[in-house]
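For reference, positions follow the sequence shown, starting with 1.
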Amino acid sequence: QVQLVESGGGLVQAGGSLRLSCAASGRTFSNYAVGWFRQAPGKEREFVATINRSGGITNFGDSVKGRFTISRDNAKNTVYLQMNSLKPEDTAVYYCAARGGLSHSLAREYAYWGQGTQVTVSS
């Protein structure tokens, strides 16, 4: 198993940037694929990005493609989500999640979740 803690959320103006971090502890981090998901009030949890165990394969949701990047540093047990050109519709609680094996874009495939970090983008 693995424990995850998100950080880096906050308030930013539209067009700005923010970098989220997902710090992991527990079993060997390199064994886990990691995904980022977000949930806005009254909406279902939405896929944002995934990264495989080695960091060589990434995927992005259509709404963030070209604006967000995901990376990982296994030596630091951390996955990052760099968010650029932020829009008000990016406002949500952002969660990182981990699973042993291949990455997935479906939230239900992930067994381990962080507590979430709030991102608010003002107009």
So which atom in [X] and which in [Y] form the shortest heavy-atom distance, rounded to 0.1 Å?
X: Arg72; Y: Val79; answer: CB-CG2, 3.6 Å
X: Ala98; Y: Val2; answer: CB-CG1, 3.9 Å
X: Pro88; Y: Ala14; answer: CD-CB, 4.1 Å
X: Lys43; Y: Gln39; answer: O-NE2, 3.1 Å

ILVMFWY cluster, [X] and [Y] together (side-chain gap under 4.5 Å):
X: Leu86; Y: Tyr95; answer: no
X: Tyr80; Y: Tyr32; answer: no
X: Phe60; Y: Leu18; answer: yes

Within this structure, what is the [atom1]-[atom2] distance for the pair [X] and [Y], rounded to the nearest 0.5 Å?
X: Phe29; Y: Leu4; atom1: CZ; atom2: CG; answer: 7.5 Å
X: Lys65; Y: Asn59; atom1: NZ; atom2: CG; answer: 8.0 Å
X: Ile51; Y: Cys96; atom1: CD1; atom2: SG; answer: 12.5 Å
X: Gln118; Y: Leu11; atom1: CD; atom2: CG; answer: 9.5 Å
X: Trp36; Y: Phe47; atom1: CH2; atom2: CZ; answer: 13.0 Å
X: Glu46; Y: Phe37; atom1: CD; atom2: CZ; answer: 10.5 Å

Quick one: does any side-chain atom of [X] pair with a main-chain N or O of [Y] as donor and acceptor, under 3.5 Å?
X: Arg99; Y: Glu109; result: yes
X: Asn74; Y: Asn77; result: no
X: Thr78; Y: Ala23; result: no
X: Gln115; Y: Glu6; result: yes

Whether over 12 other heavy atoms sit under 6.0 Å from Gln13 CD: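 12 or below, so no.
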Other residues, nucleotides, ligands: >12 heavy atoms within 6.0 Å of Leu106 CG: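 Yes, enclosed.
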Answer whether the closest heavy-atom distance between the side chains of [X] and [Y] falls below 4.5 Å.
X: Leu20; Y: Phe68; result: no
X: Val12; Y: Met83; result: no
X: Ser103; Y: Tyr110; result: yes

Carboxylate-amine/guanidinium contact Asp90 Lys87, below 4.0 Å: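 Result for this pair is no, no salt bridge flagged.
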Donor + acceptor pair across side chains of Arg38, Tyr94 (<3.5 Å):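 Distance-only check passes for Arg38 and Tyr94.
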Distance-only donor-acceptor check, side chains Ser63 and Glu89, under 3.5 Å: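 No, Glu89 and Ser63 have no side-chain donor paired with an acceptor closer than 3.5 Å.
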Contacts of type side-chain hydrogen bond (donor to acceptor under 3.5 Å, both in side chains), residue Ser17, not counting sequence neighbours: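 Counting only residues at least two positions away or on another chain, Ser17 forms a side-chain hydrogen bond (donor to acceptor under 3.5 Å, both in side chains) with Asn84.
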